[in-house]
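Values below: all heavy atoms of this structure, side chains included; hydrogens, waters and symmetry mates excluded. Each chain gets a letter, A, B and so on, in the order the sequences are listed, and its residues count up from 1.
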Amino acid sequence: MAFDLAALEERLLAPLPDLSGLSPQEQFDLIREKAGSGESIVTPSGLLERLKESRAQGRPLRFKLGIDATAASIHLGHAIPLVNLRRILRMGHRLDLIFGDFTAMVGDPSGRVEERPALDEAQVRANAGVFTGQAARVLDLASPQVTVHYNSSWLGKLSLSDWLKVTRGIGMGSLLQREDFRRRLDAGAALSLAEAEYPLLMGYDSVTLRTDVEVGGIDQFLNFHICRGMMEAAGQRPESFVCFDLLPGTTGERDAQGRLKKMSKTGANHIPVAADPAEHYAKVLSVPDEVMWIWYRELTEIRSGELAELRAAAERGDVHPKDAKRLLARVVTTLFARGERSAARDAEEAFDQKFGARKVLVPDDTRSLRLEAGVKVLDALRAATGESASQVRRLIQQKGIQVLEGEAYVPMEEAALLRPSEDLAGKVVKVGKRQYLRFESKSIN
RNA sequence: GGUGAGGUAGCGAAGCGGUCAAACGCAUCUGACUGUAAAUCAGACGGCUCCGGCCUUCGCAGGUUCAAAUCCUGCCCUCACCA
């Protein structure tokens with residue numbers, strides 16, 4: 001029995017359905033099947049009960065997602081909670097989206113071996129602005145269901161005596177029993193008091209907002225427990241929480257324990273949310289097949305049953321893995337292009353023109369450049385690529401610069417660099433595999 | 001405040017008087033290959049070049065030497081331990 005890829009694509013790309021009619025159990029199942037898997041399975045604490053109460057009382061639940069503005073960009077891994085929240089909002093619930101401008105100045109110590117560098121206010125403010133734009137690609141932040149907060153607006157006003165009152169209820173033991181802290185202390189590494197207090201600040205966010213359910217990555221597990229403790233100490237009902245898995249990186253590389261390495265900014269295995277559709281599309285295609293299935297689960301609204309079928313079909317040979325991956329690439333590209341389907345189409349077209357079946361000598365995204373009079377070929381290439389003269393020479397020596405002659409690209413000779421740039425007039429030049437340049441002769445006026 | 005360790009190219013990390021524009025790993029770039037911008041293999045990876053070389057780099061500033069990333073002096077910064 002053949003698997004119907006087209007139908008799956010239609011469902012994943014179709015206008016997102018309203019889910020508010022689902023029963024609490026159905027809502028729970030949808031959330032549960034995307035929540036963390038693997039060794040550290042977290043039963044979303046009391047989530048089902050809350051969903052039932054919500055229905056009975058006709059009161060939407062207040063979900064909370066905190067993002068620290070520690071860097072100017074987020075990657076696809078950070079977007080997993082956003083994708084899930086998009087669905088949760090369609091179930092009729094509410095979201096408090098917190099930009100941790102205050103907490104970013106402390107730095108989340110979770111899983112860190114070294115002290116995190118603290119950021120100053122200016123950096124944090126700049127980052128927060130960029131973040132909003134990126135989150136808005138996935139979530140409609142203007143929706144009445146969503147409230148955006150900056151946690152400095154309450155943490156910044158907290159007086160020392162308030163803080164002492166809050167922290168009195170929290171034992172040092174519960175803070176320090178965490179493995180990541182213990183490891184650092186045992187290793188004689190630095191652990192500042194401010195870092196140790198980080199989860200308390202997070203917890204204070206929950207107390208302030210009276211959060212029902214907090215969502216985040218599995219790395220937040222311990223922090224969430226502290227949040228619960230803080231709410232309890234404040235006489236509130238402790239929040240439920242849902243942890244999602246962390247997204248494996250694009251390379252499919254494994255760590256010493258044989259686990260897939262997580263996407264991280266430093267690991268060069270990440271895809272920025274802010275990248276353009278062509279890059280999203282191509283990067284997804286470059287992911288190993290093994291990682292593809294995980295991305296399907298984490299980044300799309302595919303149901304676990306559908307995913308199992310798709311995977312089985314690929315293993316039987318009914319579906320070519322390439323086709324499955326292209327489908328994923330289209331869905332992911334669309335997701336981060338605010339649902340614009342044309343973005344994925346254009347990205348796919350551009351990709352095929354360079355690498356795929358519909359390979360074309362001059363792709364649509366060839367850049368047109370005007371030649372300046374009286375300069376050499378070398379200077380024209382330097383200006384066009386932004387590389388140094390030495391680098392342009394190296395590219396030539398490695399056959400990295402090719403000129404279209406008739407129906408084929410031929411490598412440029414090094415000697416040609418010193419010729420007048422008029423030689424290039426009307427020619428198409430390929431630099432590396434992806435950069436195409438068309439040189440126009442100087443305008444007549 | 002005391003003691004100790006250290007600041008090397010985008011990052012990590014060797015080098016500790018000449019053969020150092022500086023090993024190695026990562027990232028990056030190029031070529032080959034591939035369903036793939038993956039993996040793998042090969043090459044490149046400060047700047048400039050009339051391709052013989054020239055110029056600027058090893059925290060900062062001076063000094064010793066024919067010669068310094070390497071030795072000396074001062075300064076700045078980071079980290080750890082003790083207090």
Engineer: Could you list all the ring pair (Phe, Tyr, Trp, His ring centres under 6.0 Å) pairs where at least one residue sits in residues 290-335 of chain A, not counting sequence neighbours?
Structural biologist: none
Engineer: Going by the rule ring pair (Phe, Tyr, Trp, His ring centres under 6.0 Å), which residues pair with A/F439 if we only count those two or more places apart in sequence or in a different chain?
Structural biologist: none
Engineer: Sort by first number and list every stem of RNA chain B: at least 3 consecutive Watson-Crick or G-U wobble pairs, both distances under 3.5 Å.
Structural biologist: B:1-7 with B:76-82, B:10-12 with B:24-26, B:28-32 with B:40-44, B:46-48 with B:53-55, B:59-63 with B:71-75
Engineer: Taking atom P of B/A38 as reference, at what distance in whole Å does atom CD1 of A/I294 sit?
Structural biologist: 19 Å
Engineer: Got a sec, which residues hit side-chain hydrogen bond (donor to acceptor under 3.5 Å, both in side chains) with A/K64, two or more places apart in sequence or on another chain?
Structural biologist: A/S206, A/E214
Engineer: If you find the nucleotide of RNA chain B closest to A/V431 and the one closest to A/E279, which residue's nucleotide is nearer the 5' end?
Structural biologist: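 Nearest nucleotide further toward 5': that of A/V431.
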Engineer: Can you check whether A/L361's main-chain N or O pairs, donor with acceptor, with A/Y409's side chain at less than 3.5 Å?
Structural biologist: yes
Engineer: Whole angstroms only, please: what is the CD-P distance between A/Q353 and B/U36?
Structural biologist: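 In whole Å, B/U36 P lies 16 Å from A/Q353 CD.
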Engineer: Within this structure, what is the OH-to-C1' distance between A/Y281 and B/A37, rounded to whole angstrom?
Structural biologist: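 Checked: the OH to C1' distance equals 12 Å.
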Engineer: Could you pull out all residues at least two apart from A/E279 that satisfy side-chain contact (heavy atoms from CB on, under 4.5 Å)?
Structural biologist: A/A275, A/D276, A/K283
Engineer: Could you check which of B/C29, B/C50, B/G35 has an atom nearest any side-chain atom of A/R393?
Structural biologist: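 Of the options given, the side chain of A/R393 lies nearest B/C50.
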Engineer: Write down the distance between CH2 (A/W295) and P (B/A38), rounded to a whole number of angstrom.
Structural biologist: 13 Å
Engineer: Using a cut-off of strictly less than 4.0 Å between a heavy atom of the residue and any atom of RNA chain B, enumerate the qualifying residues of residues 378-391 of chain A by number.
Structural biologist: A/R382, A/S388, A/A389, A/S390, A/Q391
Engineer: Among B/C29, B/G35, B/A38, find the nucleotide with the atom closest to the side chain of A/H320.
Structural biologist: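 From the listed options, B/G35 comes nearest.
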Engineer: Calculate the interatomic distance between A/Q435 atom CD and B/G31 atom P; express it in whole Å.
Structural biologist: 11 Å
Engineer: Give the nucleotide from the list B/C50, B/A44, B/G35 with an atom nearest to the side chain of A/R394.
Structural biologist: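 Nearest to the side chain of A/R394 among the choices is B/A44.
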Engineer: Between B/G46 and B/C24, how many Å separate the two P atoms, rounded to a whole number?
Structural biologist: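 Between the two P atoms, the distance is 13 Å.
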Engineer: Between B/U49 atom C1' and A/K376 atom NZ, what is the distance in whole Å?
Structural biologist: 10 Å
Engineer: State which residues pass side-chain contact (heavy atoms from CB on, under 4.5 Å) with A/S286; sequence neighbours excluded, sorted by chain then number.
Structural biologist: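 With neighbours one apart ignored, the set is empty.
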Engineer: Considering only residues two or more places apart or on different chains, which pairs with a residue in residues 389-418 of chain A satisfy salt bridge (Lys or Arg N to Asp or Glu O under 4.0 Å)?
Structural biologist: A/R393-A/E414, A/E405-A/K427
Engineer: In plain terms, say whether A/R330 and A/E348 are close enough for a salt bridge, that is, a side-chain N and a carboxylate O under 4.0 Å apart.
Structural biologist: yes
Engineer: May I ask you to say what A/D289 touches in the nucleic acid, namely base, sugar-phosphate or nothing, with a heavy-atom cut-off under 4.0 Å?
Structural biologist: base
Engineer: In whole angstrom, give me the gap between the P atoms of B/C16 and B/C79.
Structural biologist: 28 Å
Engineer: What residues form a salt bridge (charged side-chain N to carboxylate O under 4.0 Å, His left out) with A/R86, not counting sequence neighbours?
Structural biologist: A/E301
Engineer: Output the rounded distance in Å from CG (A/L327) to P (B/G35).
Structural biologist: 21 Å
Engineer: To the nearest Å, how far apart are A/L285 CG and B/A39 C1'?
Structural biologist: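 Going from A/L285 (CG) to B/A39 (C1'), I get 15 Å.
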Engineer: Excluding sequence neighbours, so at least two apart, what forms side-chain contact (heavy atoms from CB on, under 4.5 Å) with A/R303?
Structural biologist: A/R11, A/L30, A/E33, A/R87, A/E306
Engineer: Give the nucleotide from the list B/C50, B/C29, B/U36 with an atom nearest to the side chain of A/F351.
Structural biologist: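 Ranking B/C50, B/C29, B/U36 by closest atom to the A/F351 side chain puts B/U36 first.
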Engineer: Of all residues at least two apart in sequence or in a different chain, which pass the side-chain contact (heavy atoms from CB on, under 4.5 Å) check with A/L395?
Structural biologist: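 Partners of A/L395 by the side-chain contact (heavy atoms from CB on, under 4.5 Å) criterion, ordered by chain and then number, come out as A/Q391, A/I401, A/V431.
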Engineer: Any residue in residues 397-417 of chain A with a heavy atom nearer than 4.0 angstrom to RNA chain B? Just list them by number, or reply none.
Structural biologist: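 When residues 397-417 of chain A is checked for heavy atoms under 4.0 Å from RNA chain B, the hits, listed by number, are A/Q398, A/K399, A/G400.
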Engineer: Treating A/Q353 as the side-chain partner and A/D364 as the backbone partner, does any N or O pair qualify as donor plus acceptor under 3.5 Å?
Structural biologist: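 Side chain of A/Q353 to backbone of A/D364, a donor-acceptor pair under 3.5 Å: yes, one is there.
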